[in-house]
Engineer: 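This structure is in structure tokens; I'll ask about it shortly.
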Amino acid sequence: MSDRYEAQEIEARWQKQWEVAAIDAASDDPADSRETYYCLVMFPYPSGNLHMGHVRNYCLGDAVARYKRMRGFNVLHPIGWDAFGLPAENAAIKHHRPPAEWTYGNIDQMRAQLKRLGLSYDWSREIATCRPEYYRWEQWLFTRLMEKGLAYQQNAEVNWCDPCHTVLANEQVVDGVCWRCDTPVVRKNLKQWFIRITAYAEELLSDLDKLTGWPEKVVGMQRNWIGRSTGAEVSFGLENSDATLDIFTTRPDTLMGVTYMAVAAGHPLAQQAATSNPALAAFLDECSRISTKEADVETMEKKGMALGVNAIHPITGALVPVWVANFVLMGYGTGAVMSVPAHDERDHAFAKKYGLPIRQVIAPHAGDWDIDAAAFTEVGKLIDSGAFDGLPSDEAKVAITNWLAENEKGAERVQYRLRDWLVSRQRYWGAPIPVIHCHDCGAVAVPDEQLPVVLPTDLQPTGGASPLTECDAFRHTSCPRCGKPAERELDTFDTFMESSWYMNRYTSPRNGEAMVDADAMKRWAPVDQYIGGVEHAVLHLLYARFYHKLMRDAGLFDGEVVGSEPFRNLLTQGMVLKDGTKMSKSKGNTVDPKAIIEEFGADTARLFTLFAAPPEKELEWNDAGVEGASRFLKRVWRLLEKLDAASDTADGDVKALRFSIHATIRKVTHAFEQGFAFNVAIAALMELTNSLHSFNPACEAGKAAYREGVEALATMLAPFVPHFACELGERLGMAKMAVVTDWPAVDESALEQNEIMLVVQIQGKKRGEITVPKDAGQDVAMAAARADAAIARWLDGMQVVKVILVPGRLLNIVVKPA
RNA sequence: GCCGGGAUGGUGGAAUUGGUAGACACAAGGGACUUAAAAUCCCUCGGUAGCAAUACUGUACGGGUUCGAGUCCCGUUCCCGGUACCA
């Protein structure tokens, strides 16, 4: 056994031992009485190479999982592969290898990299979403949703990404460009599959209140995304027509102030008017072009044009002109709005620009308002509103909405920003949508006994249309209902479908009977701690919450027991930066985890990523910092030298050392229980190391305390640097491997002090320190303060006005000249 | 625009939630050991004044509350995320 710290050798040895001892497996044994804990990290896309963001994510998760095991929990800590997706197809085109081969090869590589890091996963539960045993259940659920009308096919204007050759969900369009390839999306009208997430909008919104273990920021982002607003739907008549112009407003109290209407360029009314008006047609064309150019939106001027059509006010019967305006969006509400320039800033600006009338119908509760200068957008009191005059806004909203309802010209209405989830993709490397199109029966769900619809894995993508479109063996089938020749659906699922339920599948990953096992769900779900990047705050986390509810409603588990939310606590980790910016290949500022592990070992890499920043903040990569982490481990290692060394010098302060040991245990434990401030926990362990280094064990009590300290240190290091901790523990002669040793308990008696230090302040300024008996009262403390020369001089010639004693902390003396 | 979150030494970051500001580390400087280097160990390290003990000052800026404010309140500036021209 070498006396030097040889990371590579040590890490290989302990990884083998852990595997043999099977310490990372989650137990499904009903006789296991341990409390369960489910710690989950976001599974990776198998790109082939682990990057620092993964390393950070998985080191955080591993620290939590290992700590919980040491605390006696039966821990589920699984990993797998989000294995469908576009990069596999692109690689296939480039290297002329089938996507499956590329994907499975990458998985093997990345699995080896994860294992090299010493992460404590239950590898027996590993899943890959591209395997039919996995995606068949997603297909199964989809057919259930079709039965319930929650999955449907519809022609819709959708976001199309040319390079990706597919449609995108609204959530996948970020700032007008594709979330994956950054190219602007185009609007296209296509027949697509949707899942009715809007049917769950209310529950998705209200359940956000249950997520007390989530960062408020993420909850807020989801709340905004769902975008609930309450108001009224109002039906305006149209002059010389039986048709109506329906709008949604959150301010029905301002209805009497409507002076014109505005519709989106895509609104049927505008389209129709344009057929006989070339200038208008040109304007609509301009609007449709602008809307695709996202960069222009910010600077976009508010423009409009009259349609030459009049709407009829539902209450007054007055005629108001209908305009088309470039700021009205076809995709929200009804694509038309009522315009009240007096009480809406945008309408005000528009009215000023085009000389439209401004009619004030709300007055401030107090004071005057120059309605010509600016819109009054607050609530107030109704004026010039006929029967509604004098009502305050909130009452007027109800009164006007009721009037509309009674006269069948409107109703109260709740509007969401959330749109249904577009789940079909015109891609090859994805889960086939389990539908057969029959000439006579239409779109028919594939029956359970024919599931899974297996994706042929031997096709070669070319970059154009999906190769499935040319695969006759896949394409041609018979209708499950009438038996006549029929065609399979050739689109595949959005890959967010797979990642939306994997957390539940891990509870029974090999289950061939059902999507999940209800008992396993009861045992493990929901996830106690989920850890991953904040970039998934809306996309993945919203879909996963939705899916969990769908699974509950499909009767797959008991919602009363498991709950309606999949993740109890969420930790969103910050990005890993280099030179102040995100690491990326194109910037050439990446740091390869492999290189760090080869040079310093996995433990150093783990330690640095946990120590350099608090988990939720960005982590600036710093090579010197990595060396510092490595230096710390060597410094701990050298503590072994003093273990049995005979010393002829005097013993150190045993009591002070034991105080330091147990204060550290308390601090580190607290870090694990409260918010995972591992950077602070590790700093505390460094302090303990410094204390141990400056301690000189001579007598029996001193040696015992020293050993106690080093053992506690080895134990507490185990969640962070498990190989190192095990090796250290073994050399200390500890009974069990450090990673399975019980977490150390605080010895309260070691923290008791007979004498304590008090900071003494005069007028709130620190002037000295005194040592007093631990339960010293104000009089004793004052006497000690007066006895201290440095403090006494501040009291000289002064009259004590007030004394504040904070027990165990400080003594503040307020004085004034005598 | 709106909604979040921030601003603490040369740097990353601490501060038991109102009680010693700068823990721990990185960088820098000085010293010891060494033929030399590496490694290791010791010291200094917010600013100003001083040989020093020490004093004053200091947590983006301006006010306030309090015996006491990095922490609470009001206002301002800047930075970072998110987003919806959302009717």
Engineer: Between the side chain of A:Lys353 and the main-chain N/O of A:Lys303, is any donor-acceptor distance below 3.5 Å?
Structural biologist: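 Such a contact is absent between A:Lys353 side chain and A:Lys303 backbone.
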
Engineer: Side chain of A:Phe248: nearest nucleotide among B:U20, B:U83, B:A87?
Structural biologist: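 That would be B:A87.
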
Engineer: Return the stems involving RNA chain B, sorted by first number, where pairs are Watson-Crick (N1-N3 with N6-O4 or O6-N4) or G-U wobble (N1-O2 and O6-N3), both under 3.5 Å, and runs are 3 or more long.
Structural biologist: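 So the stems come out as B:1-7 with B:77-83, B:10-12 with B:24-26, B:28-32 with B:40-44, B:46-49 with B:54-57, B:60-64 with B:72-76.
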
Engineer: Nearest nucleotide by nearest heavy atom, which residue falls closer to the 5' end of RNA chain B, A:Lys634 or A:His670?
Structural biologist: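 Upstream on the strand: A:His670.
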
Engineer: Does any N or O in the side chain of A:Lys667 come within less than 3.5 Å of the main-chain N or O of A:Val680, such that one atom is a donor and the other an acceptor?
Structural biologist: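 No; zero donor-acceptor contacts below 3.5 Å.
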
Engineer: Report yes if at least one side-chain N or O of A:Arg417 is closer than 4.0 Å to OP1 or OP2 of B:C86; otherwise report no.
Structural biologist: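 Looking at the OP1 and OP2 atoms of B:C86, neither is under 4.0 Å from any side-chain N or O of A:Arg417.
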
Engineer: Mind checking if A:Glu618 touches a base, just sugar-phosphate, or nothing, with heavy atoms under 4.0 Å?
Structural biologist: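 The residue A:Glu618 makes sugar-phosphate contact but no base contact.
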
Engineer: Quick one: are A:Arg786 and A:Val800 in side-chain contact, heavy atoms under 4.5 Å?
Structural biologist: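 The answer is yes; the side chains approach within 4.5 Å.
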
Engineer: Is there a donor-acceptor pair under 3.5 Å between the side chain of A:Ser393 and the backbone N or O of A:Gly380?
Structural biologist: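 Yes; judged by distance alone, with no hydrogens or angles, the pair exists.
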
Engineer: Please write out the pairs of protein N or O atoms and N or O atoms of nucleotides 52-58 of chain B separated by less than 3.5 Å, giving the distance to one decimal.
Structural biologist:
residue: B:C56; atom: OP1; partner: A:Arg767; partner atom: NH2; Å: 3.2
residue: B:C56; atom: OP2; partner: A:Arg767; partner atom: NH1; Å: 3.0
residue: B:U57; atom: OP2; partner: A:Lys765; partner atom: NZ; Å: 2.9

Engineer: Mind calculating the distance between CG (A:Asp344) and P (B:C86) to the nearest angstrom?
Structural biologist: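 Rounded to the whole Å, the gap is 8 Å.
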
Engineer: Could you list, one pair per line, each protein nitrogen or oxygen that sits under 3.5 Å from a nitrogen or oxygen of nucleotides 22-25 of chain B, together with the distance?
Structural biologist:
residue: B:A23; atom: O2'; partner: A:Glu687; partner atom: OE1; Å: 3.2
residue: B:A23; atom: O2'; partner: A:Glu687; partner atom: OE2; Å: 3.2
residue: B:A25; atom: OP1; partner: A:Asn690; partner atom: ND2; Å: 3.4

Engineer: Distance between the C1' atoms of B:A69 and B:A60, in whole angstroms?
Structural biologist: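 Nearest-Å result for B:A69 against B:A60 at atom C1': 16 Å.
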
Engineer: Verify, without hydrogens or angle tests, whether A:His343 (side chain) and A:Gly257 (backbone) share a donor-acceptor contact under 3.5 angstrom.
Structural biologist: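 Here the side-chain-to-backbone pair does not exist.
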
Engineer: Just to verify, what does A:Lys578 make a salt bridge (Lys or Arg N to Asp or Glu O under 4.0 Å) with, not counting sequence neighbours?
Structural biologist: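 Result, salt bridge (Lys or Arg N to Asp or Glu O under 4.0 Å) vs A:Lys578: none returned.
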
Engineer: Mark yes or no for whether A:Arg767, through its side chain, and A:Ala790, through its backbone, hold a donor-acceptor pair below 3.5 Å.
Structural biologist: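 No, A:Arg767 side chain to A:Ala790 backbone: no donor-acceptor pair under 3.5 Å.
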
Engineer: Under 4.0 Å between a side-chain N or O of A:Arg223 and OP1 or OP2 of B:G82?
Structural biologist: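 So the side chain of A:Arg223 is outside the cut-off, no N or O lying under 4.0 Å from OP1 or OP2 of B:G82.
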
Engineer: Side-chain N or O of A:Lys217 versus OP1/OP2 of B:G81: is the shortest distance under 4.0 Å?
Structural biologist: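 No, no such contact exists.
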
Engineer: Have a look at A:Val328 and say if it touches a base, only the backbone sugar-phosphate, or nothing, with a 4.0 Å heavy-atom cut-off.
Structural biologist: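 Since a base atom lies under 4.0 Å of A:Val328, the category is base.
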
Engineer: Strictly by side chain to side chain donor-acceptor pair (under 3.5 Å), give each pair with a member in residues 611-621 of chain A just once, sequence neighbours left out.
Structural biologist: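 Every pair satisfying side chain to side chain donor-acceptor pair (under 3.5 Å) with a residue in residues 611-621 of chain A: A:Trp621-A:Asp623.
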
Engineer: Rounding to the closest angstrom, what is the interatomic distance between B:G10 and B:C42 at atom P?
Structural biologist: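 Taking atom P in both B:G10 and B:C42, they lie 26 Å apart.
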
Engineer: With syn defined as a glycosidic angle within 90° of 0 and anti as everything else, classify B:U17.
Structural biologist: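 Here B:U17 takes the syn form, which means its glycosidic angle is within 90° of 0.
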
Engineer: Taking atom P of B:A39 as reference, at what distance in whole Å does atom CD of A:Glu641 sit?
Structural biologist: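 In whole Å, B:A39 P lies 17 Å from A:Glu641 CD.
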
Engineer: Counting any heavy atom closer than 4.0 Å, what does A:Lys617 reach on the DNA or RNA strands: base, sugar-phosphate only, or nothing?
Structural biologist: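 Result for A:Lys617 = sugar-phosphate.
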
Engineer: Just call it for A:Arg666: base, sugar-phosphate, or nothing, with non-hydrogen atoms closer than 4.0 Å on any strand.
Structural biologist: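 The residue A:Arg666 makes no contact with any strand.
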
Engineer: For a ring pair (Phe, Tyr, Trp, His ring centres under 6.0 Å) with A:Phe678, tell me which candidate from A:Phe720, A:Phe608, A:Phe611 qualifies.
Structural biologist: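 Going through the options one by one, the only one that passes is A:Phe720.
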
Engineer: Pick the P atom in B:A84 and in B:G12, then give their distance to the nearest Å.
Structural biologist: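 Approximately 32 Å lies between the P atom of B:A84 and that of B:G12.
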
Engineer: Show your working on salt bridge (charged side-chain N to carboxylate O under 4.0 Å, His left out) between A:Asp347 and A:Lys302 and close with a plain yes or no.
Structural biologist: CA-CA 10 Å; A:Asp347 294 345; A:Lys302 287 170 185 40; over 6 Å; no

Engineer: In whole Å, what is the span from the OH atom of A:Tyr260 to the P atom of B:A87?
Structural biologist: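 Nearest whole value for this atom pair: 15 Å.
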
Engineer: Report the residue from A:Asn812, A:Leu811, A:Leu810 that forms a side-chain contact (heavy atoms from CB on, under 4.5 Å) with A:Val759.
Structural biologist: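 It is A:Leu810, the one option of A:Asn812, A:Leu811, A:Leu810 that forms the side-chain contact (heavy atoms from CB on, under 4.5 Å) with A:Val759.
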
Engineer: State the CG-CD1 distance between A:Leu542 and A:Ile197, to the nearest 0.5 angstrom.
Structural biologist: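 Interatomic distance, A:Leu542 CG to A:Ile197 CD1, rounded to 0.5 Å: 4.5 Å.
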
Engineer: In whole Å, what is the span from the CG atom of A:Leu577 to the P atom of B:C80?
Structural biologist: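 Checked: the CG to P distance equals 13 Å.
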
Engineer: What's the CG-P distance between A:Leu640 and B:U40, to the nearest Å?
Structural biologist: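 It is 17 Å, rounded to the nearest whole Å.
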
Engineer: Report the residue (A:Val759 or A:Glu620) whose heavy-atom-nearest nucleotide on RNA chain B is the more 5′ of the two.
Structural biologist: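 Its nearest nucleotide lies further toward 5', so the answer is A:Glu620.
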
Engineer: Looking only at atom P, what distance separates B:A52 and B:U48, rounded to whole Å?
Structural biologist: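 Pairwise P distance, B:A52 against B:U48, rounds to 13 Å.
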
Engineer: Between B:G63 and B:U57, how far apart are the two P atoms, rounded to whole Å?
Structural biologist: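 Rounded to whole Å, the distance is 15 Å.
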
Engineer: Suppose you measure atom C1' in B:C86 against the same atom in B:A23; what distance do you get, rounded to whole Å?
Structural biologist: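 Taking atom C1' in both B:C86 and B:A23, they lie 48 Å apart.
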
Engineer: Name the nucleic acid region contacted by A:Pro215, choosing base, sugar-phosphate or nothing; use a 4.0 angstrom heavy-atom cut-off, strictly under.
Structural biologist: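 The answer is nothing, as A:Pro215 stays clear of every strand by at least 4.0 Å.
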
Engineer: Rounding to an integer number of Å, can you tell me how far A:Glu345 CD sits from B:G1 P?
Structural biologist: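 Checked: the CD to P distance equals 11 Å.
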
Engineer: Can you tell me, in whole Å, how much space there is between the C1' of B:A38 and that of B:C33?
Structural biologist: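 Approximately 12 Å lies between the C1' atom of B:A38 and that of B:C33.
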
Engineer: Check for a donor-acceptor pair, side chain of A:His662 on one end and backbone N or O of A:Asp747 on the other, with a separation under 3.5 Å.
Structural biologist: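 Judged by distance alone, yes, a pair lies under 3.5 Å.
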
Engineer: Set out, line by line, the N/O atom pairs under 3.5 Å between protein and nucleotides 65-73 of chain B.
Structural biologist:
residue: B:C67; atom: O2; partner: A:Asn812; partner atom: ND2; Å: 2.3

Engineer: Compare side-chain N and O positions of A:Ser229 against OP1 and OP2 of B:A87 and report whether any pair is under 4.0 Å apart.
Structural biologist: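 Yes, A:Ser229 has a side-chain N/O under 4.0 Å of OP1/OP2 on B:A87.
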
Engineer: Using the C1' atom as the point on both nucleotides, what is the distance between B:G70 and B:G19, in whole Å?
Structural biologist: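 B:G19 and B:G70 have their C1' atoms separated by 13 Å.
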
Engineer: For B:G10, does the O4'-C1'-N9-C4 or O4'-C1'-N1-C2 angle fall within 90° of 0, making it syn, or is it anti?
Structural biologist: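 Anti for B:G10; the angle lies over 90° from 0.
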
Engineer: Could you state the CZ-P distance from A:Phe608 to B:G13, rounded to the nearest angstrom?
Structural biologist: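 So the two atoms are 10 Å apart, to the nearest Å.
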
Engineer: So, A:Gln222 side chain and A:Ala537 main chain: donor-acceptor pair closer than 3.5 Å or not?
Structural biologist: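 Yes; judged by distance alone, with no hydrogens or angles, the pair exists.
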
Engineer: Starting at atom CE of A:Met575, determine the distance to atom P of B:G82, rounded to an integer number of angstrom.
Structural biologist: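 Value for this atom pair: 9 Å.
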
Engineer: Under a 4.5 Å cut-off applied to non-hydrogen side-chain atoms, are A:Thr249 and A:Val337 in contact?
Structural biologist: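 The answer is no; the side chains never approach within 4.5 Å.
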
Engineer: Ignoring hydrogens and geometry, is there a side-chain-to-backbone donor-acceptor pair from A:Arg666 to A:Val746 under 3.5 Å?
Structural biologist: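 No; zero donor-acceptor contacts below 3.5 Å.
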
Engineer: Would you say A:Arg635 and A:Asn690 are linked by a side-chain donor-acceptor pair, where the criterion is simply a distance under 3.5 Å?
Structural biologist: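 Present: a donor and an acceptor within the cut-off.
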
